[in-house]
Structures are given as structure tokens and as C-alpha cells.
Amino acid sequence: MKARLPLVAIVGRPNVGKSTLFNRLVGHRRSIVTDEPGITRDRIYGSAEWLGRAFEVVDTGGLVPEEKAGIPGEIFRQAQLALGEADAIILVADSRTGPTPTDAELVRQLRVFGKPLFVAANKVDSARLTGAASAFFELGEPVFPISAEHGLGIDDLLDEVTREFPERPAAVSASQAVHIAIIGRPNVGKSTLLNRLVGAERSIVASEPGTTRDAVDTEIEREGRSYVFVDTAGIRRKARTKLAAEKLSVVMARRHLERADLALLVADASLGVTAQDASIAGYAAEAGCSMIVVMNKWDLALERARADEKTKTLSPAELQNEYEKLVRARLGFVHYAPIVFLSALTGEKVTELFQLIDRVAGARRRRVPTAELNRWLSEIDLSRSSAPAAQMPEILYLTQASTEPPTFVLFTREARRLHFSFERFLQNRLREAFDFTGTPIRIVVRTRRRAAAGRARRG
Ligand code: GDP
Ligand code: GDP
């Protein structure tokens with residue numbers, strides 16, 4: 001019999017960031033949606049993993065407190081079921097407003113369940129704002145400053161929430177569908193590319209449970225593998241005015257990225273990479289999505305280059321090289337993303353894009369065993385990083401905490417942040433050694449003292 005995974009319930013007042021936190025923890029890996037009578041909004045379940053511990057998450061969402069009555073009774077009636085099953089509860093609060101009477105009332109009522117309770121003081125978007133979280137200590141429960149939107153402080157919160165959970169990695173099956181978001185500015189060729197990718201294959205159109213009602217996904221099977229193109233209706237939607245279209249492209253990108261493993265950032269090669277392409281790429285990086293940069297309309301770019309005195313003698317390969325340098329310079333912060341040049345209109349190189357998608361999707365789910373990782377670590381020359389020697393941590397060992405995206409925990413002798421260039425060095429070496437193509441790599445630093453304390457507590 002398959003043992004039940006531990007369940008973490010997310011509760012809190014509306015607008016504090018519960019669903020943002022839920023999305024950050026589970027991405028698209030939401031499994032069951034219950035639609036029980038008397039519950040106004042669906043309860044959404046998803047799966048997550050931290051430090052080799054798999055668990056389920058439920059967003060109790062849509063719970064309206066009766067502010068006037070002072071007691072958020074409705075919150076409880078609706079969330080009761082989830083809370084009864086939960087192994088840990090995260091109460092999300094808004095650090096900008098400080099603890100409200102409703103938060104205090106929630107804490108009092110949550111204690112009745114006798115479950116470990118953690119207060120996540122959300123919207124602490126920079127280290128400078130950490131102080132705002134200390135006001136929540138008055139609630140009498142452990143407080144964690146986090147930014148659900150920017151992914152800050154989540155590791156400390158998860159360390160504590162999952163501390164007592166059994167060590168059991170999440171099962172990822174190779175047949176699990178890859179969720180793909182096609183993002184980019186208006187007119188770069190997103191719909192044309194979608195039609196190419198989906199066109200020849202047998203496709204199933206289905207709405208994804210637990211998402212906005214108008215989001216319609218398209219799932220295709222290709223050579224035994226499944227791909228889900230997120231919100232295909234949204235990709236095809238066109239806005240009336242140019243300004244509205246620009247704005248819509250950003251809103252859509254952010255929404256689509258929440259449910260995607262992989263982003264295809266489409267840009268127009270005949271125009272080059274613009275500032276807005278770069279900011280859309282930034283959202284994909286922030287969401288932890290893997291990414292492939294698709295320089296579309298390559299047919300048009302080549303045609304233009306042939307008509308230009310400066311470039312007409314260059315071969316297509318040489319041109320592509322020159323282009324790639326320009327694209328890299330503009331998108332330096334997403335250095336992990338491979339770049340492809342293709343034409344959605346003619347279909348040229350579209351098959352190669354599928355092969356690259358497979359490789360990137362595989363990389364995202366890769367798990368490197370701890371022994372192998374440390375054998376590798378002992379063999380690389382850490383002094384080759386450009387970080388100042390005095391800033392180099394004394395490394396004890398490295399372990400992969402989770403996949404999707406690959407997240408590593410580096411245990412060091414003393415607590416200190418990694419120097420930026422050392423972090424980059426480790427990420428690049430890991431990417432080369434284990435073929436983590438196209439995926440961001442996260443590295444979290446822990447001191448051994450804390451890890452040992454954790455082990456002792458688990459007994
Ligand atoms: P819920 O009603 O509790 O599920 O809240 P949502 O997750 O829908 O978030 C409510 C609003 O807060 C949205 O506009 C989010 O973009 C915003 N939000 C969520 N997390 C953060 C954060 O870490 N920082 C900031 N500045 N805003 C956030
Ligand atoms: P979207 O707004 O990003 O979805 O862009 P569309 O897919 O609607 O494409 C915008 C325009 O660019 C249309 O006129 C397409 O025919 C054209 N287009 C798309 N891909 C290519 C391509 O690879 N080469 C050329 N020359 N034109 C393309």
C-alpha cells in the first residue's frame with residue numbers, strides 16, 4: 001500500500017499571498033480538485049518536495065472572513081476538512097499591514113487543531129524589509145519572513161515545516177507531461193509556432209482543473225511523450241490596440257509561467273532582442289521555469305542580411321554566430337537558456353525544437369545521487385572560481401534537495417552567503433557535468449550545526 005504523503009495546509013486572510021505561495025511550492029503539479037457541496041471555491045491540492053521529503057500542499061483559498069463579526073467563522077467552516085487532515089499549517093499574513101485582529105483570531109483557532117503552526121510573514125520583498133516581520137512574534141508562533149512572489153525565505157520556512165516529515169523523494173515519472181508556456185511580445189510569431197508544434201500531432205484540448213475558467217490547454221502526444229501547451233486560447237488571443245497588446249503579453253506571460261515547466265521565449269530575429277523581451281525572460285527566470293530562447297522569423301532575418309552591404313557576404317552559420325552573441329549580451333541573466341533560430345512560418349528547424357524540449361525537460365527532472373555529487377565536487381578545482389579566496393566557504397558536502405528546478409543544498413562549516421561569482425561558478429560546473437541544460441539551478445547554503453540539530457530533533 002502506498003503510504004499517504006504529509007499534507008501542508010495554507011491558510012490566511014484574502015490577498016495575503018496564499019495562492020502565490022501555493023504556486024511557488026507546487027508549480028503546475030496540482031493533482032486533485034475537490035468540489036464538495038457548500039465550499040465556495042475549489043480546494044486545490046498539489047505536490048511538492050524539499051530536501052528529499054515529498055509532501056502535499058492544499059490551498060484552502062477563497063475563504064472570506066466575517067470582519068464585522070470579528071470572528072472569521074466562515075474561514076473555518078470551509079477549511080476545517082483540510083486542516084483536519086493536515087500535518088502542518090502555514091498561516092500566511094501580510095507583513096505590510098502587520099498582524100491584524102483577524103490574524104490573531106486565526107492563530108487562536110488554528111491552535112485547536114494541535115498541528116505544528118508556522119506564520120509566514122509575506123511580501124518581505126527585500127532584506128531591508130525583514131524587520132517588518134518581527135511584529136508577528138506577538139502571535140506566539142514561529143515567524144518566517146518570506147516573499148512568495150520573489151521566492152525569498154521559502155527555504156528557511158520549508159526547512160522547519162518539513163523537518164519531521166519522512167525522507168521520501170517525490171516520484172517523477174518520465175511519462176509525466178511537460179507543461180510548456182509560449183511567451184513573448186505581440187507579433188513575434190507565438191500563434192504560428194503553436195500551430196506548427198501542435199499541428200501535425202493528435203491533440204486533446206482540455207481545461208486544466210483549478211485554473212481560471214477561460215484557460216484552455218492543448219495536450220499532444222508525440223513519440224510516446226506528452227506535452228501540454230498552457231492556455232492555447234490565450235496564446236492566440238489578440239488585443240485591439242498596440243499598447244493593449246504589449247500589456248497583455250506581459251500579463252499572459254506571468255499567468256502562463258505559473259503553470260509551466262518550460263518557457264519558450266519567442267523573439268523576432270528580424271528585429272533582434274528588445275528590452276521588453278528581456279523583461280519577459282526575467283519573469284520566466286523568477287518563476288523558476290526552464291527556458292529556450294526561440295529566435296523566430298529566421299527566414300526574414302536571413303533575407304534582410306543578404307540585402308545589407310555589411311552582412312551579405314556572411315554565410316548563414318556565420319550570421320547565426322553573430323546573432324547569438326547579440327542575443328546573449330541582451331539576455332545575460334538567463335545564461336542557462338539555449339538559443340534556437342527557426343522559422344515557424346516555413347517550419348524549418350521545428351523538429352529540432354522538439355528534441356531540445358525533450359532534453360531540457362529531462363534535465364529539469366534529473367536527480368543526482370549525493371555520493372556521485374560529492375565525488376564530482378572533490379574532483380573540481382574550486383580555486384578556478386573568480387571569487388576572492390577569503391570569501392570561499394569551507395565546504396562539507398553537497399546534496400540535491402529537489403528537482404523541477406534542480407535545487408542543491410551546500411553544507412558549509414560556517415554560515416555565510418555565497419559570493420555571487422562562486423555561486424555562478426558552481427551552477428555552471430553543475431550544468432556542464434550533469435547536463436542541466438536550460439534549467440535554472442538553485443543553491444541554498446546551510447551550516448552543518450543546523451543540519452546536525454535537525455537530525456537530533458528527528459531522533
Ligand atoms: P490570496 O488571496 O491570499 O491567495 O493572495 P494572492 O496570492 O492572490 O496574492 C494577493 C496579491 O498579493 C497579488 O496581487 C499578489 O501579486 C501579491 N503578492 C503575493 N505575494 C507577494 C509578495 O511576496 N510580495 C508582494 N509585493 N506582493 C505579493
Ligand atoms: P503572435 O502575436 O506572437 O501570436 O504572432 P503571430 O503568430 O500571429 O505572427 C505574427 C505575424 O508574423 C504573422 O503575420 C505571421 O505570419 C508572421 N510570422 C510568424 N512566424 C514567422 C516566420 O517564421 N517568418 C516570417 N517571415 N513570418 C512569420
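For clarity, every value in this text was computed on a predicted model and none was experimentally measured. All ligand and atom numbering here is 1-based and tracks the order in the structure. Along the sequence shown, residues are numbered consecutively beginning with 1.
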For this session: Would you mind checking which non-hydrogen protein atom is closest to atom 20 (N) of ligand 2, with the distance to 0.1 Å?
Result: Asn296 ND2, 3.1 Å
Exercise. Atoms of ligand 1 less than 4.0 Å from Pro14 heavy atoms?
Worked result: 2 (O)
For this session: Assign the ring pair Phe55 / Phe165 to parallel, tilted or perpendicular, where the plane angle (0 to 90°) is split at 30° and 60°.
Result: tilted
Exercise. Would Asp159 and Trp50 count as having a side-chain donor-acceptor pair, cut-off 3.5 Å?
Worked result: yes
Problem set entry | Region of Ser147 engaging ligand 1 - heavy atom pairs below 4.0 Å | both
For this session: Tell me, please, whether Tyr227 has Arg222 positioned over its six-membered ring: NZ or CZ under 6.0 Å from the ring centre and within 45 degrees of its axis?
Result: no
Exercise. Atom 4 (O) of ligand 2: which protein heavy atom is closest, and how many Å away?
Worked result: Ser191 OG, 2.5 Å
Exercise. Does His150 reach ligand 1 with a nitrogen or oxygen that is under 3.5 Å from one of the ligand's nitrogen or oxygen atoms?
Worked result: no
For this session: Looking only at protein heavy atoms, identify the closest one to atom 7 (O) of ligand 2 and say how far it is in Å.
Result: Thr192 OG1, 2.6 Å
Exercise. Tell me: protein heavy atom nearest atom 2 (O) of ligand 2, and distance?
Worked result: Asn187 N, 2.8 Å
Problem set entry | Test: Glu322 and Lys325 ion pair at under 4.0 Å | yes
For this session: Consider only side-chain N and O atoms of Thr100 and Asp103, and report whether a donor and an acceptor are under 3.5 Å apart.
Result: yes
For this session: Scan residues 289-298 for pairs that pass side chain to side chain donor-acceptor pair (under 3.5 Å), counting only residues two or more places apart or in two chains.
Result: Asp268-Lys297, Ser290-Arg364
Problem set entry | ligand 1 to Val124 polar contact by distance, N or O atoms, under 3.5 Å | no
Exercise. Does any N/O atom on Ser343 come nearer than 3.5 Å to any N/O atom on ligand 2?
Worked result: yes
Exercise. So which bit of Lys238 gets within less than 4.0 Å of ligand 2, heavy atoms only: side chain, backbone, both or neither?
Worked result: side chain
Seminar exercise, completed: Filtering Lys18, Arg96, Glu149, Arg13 for the heavy atom nearest atom 1 (P) of ligand 1 leaves Lys18
For this session: State whether the shortest distance between N or O atoms of Val188 and N or O atoms of ligand 2 falls below 3.5 angstrom.
Result: yes
For this session: Taking atom 14 (O) of ligand 2 as the reference point, report whether a protein heavy atom occurs under 4.0 Å from it.
Result: no
Seminar exercise, completed: The atoms of ligand 2 lying under 4.0 Å from a heavy atom of Asp299, numbered in the order shown, are 22 (C), 23 (O), 24 (N), 25 (C), 26 (N)
Exercise. Considering only heavy atoms of Arg185, which atoms of ligand 2 have at least one such atom less than 4.0 Å away?
Worked result: 3 (O)
Exercise. Strictly by modelled atom types, are Asn195 and Arg236 linked by a side-chain donor-acceptor pair under 3.5 Å?
Worked result: yes
Problem set entry | Sub-4.0 Å heavy-atom contact, Ala344 with ligand 2 | yes
For this session: Enter the distance from Ile235:CD1 to Lys238:NZ here, rounded to the nearest 0.5 Å.
Result: 10.0 Å
Exercise. Quick one: side chain to side chain contact (heavy atoms under 4.5 Å, CB included) partners of Asn15, sequence neighbours excluded?
Worked result: none
For this session: Could you tell me the separation between the CD1 atom of Ile441 and the OG1 atom of Thr407, rounded to the nearest 0.5 Å?
Result: 9.5 Å
Exercise. Is the closest N or O pair between Thr346 and ligand 2 shorter than 3.5 Å?
Worked result: no
For this session: Please confirm whether Leu345 comes within less than 3.5 Å of ligand 2 when only nitrogen or oxygen atoms on both sides are compared.
Result: yes
Exercise. Under 3.5 Å, N or O to N or O, is Gly189 touching ligand 2 that way?
Worked result: yes
Exercise. Is the ring centre of Phe436 less than 6.0 Å from the ring centre of Tyr336?
Worked result: no
For this session: Determine whether the side chain, the backbone, both or neither of Asp125 has a heavy atom under 4.0 Å from any heavy atom of ligand 1.
Result: side chain
Problem set entry | Shortest protein heavy-atom distance from atom 18 (N) of ligand 2, along with the residue and atom involved | Lys297 CE, 3.7 Å
For this session: Return yes if a side-chain donor-acceptor contact under 3.5 Å exists between Gln109 and Glu105, otherwise no.
Result: yes
Exercise. Charged N to carboxylate O below 4.0 Å: is that the case for Glu309 and Lys312?
Worked result: yes
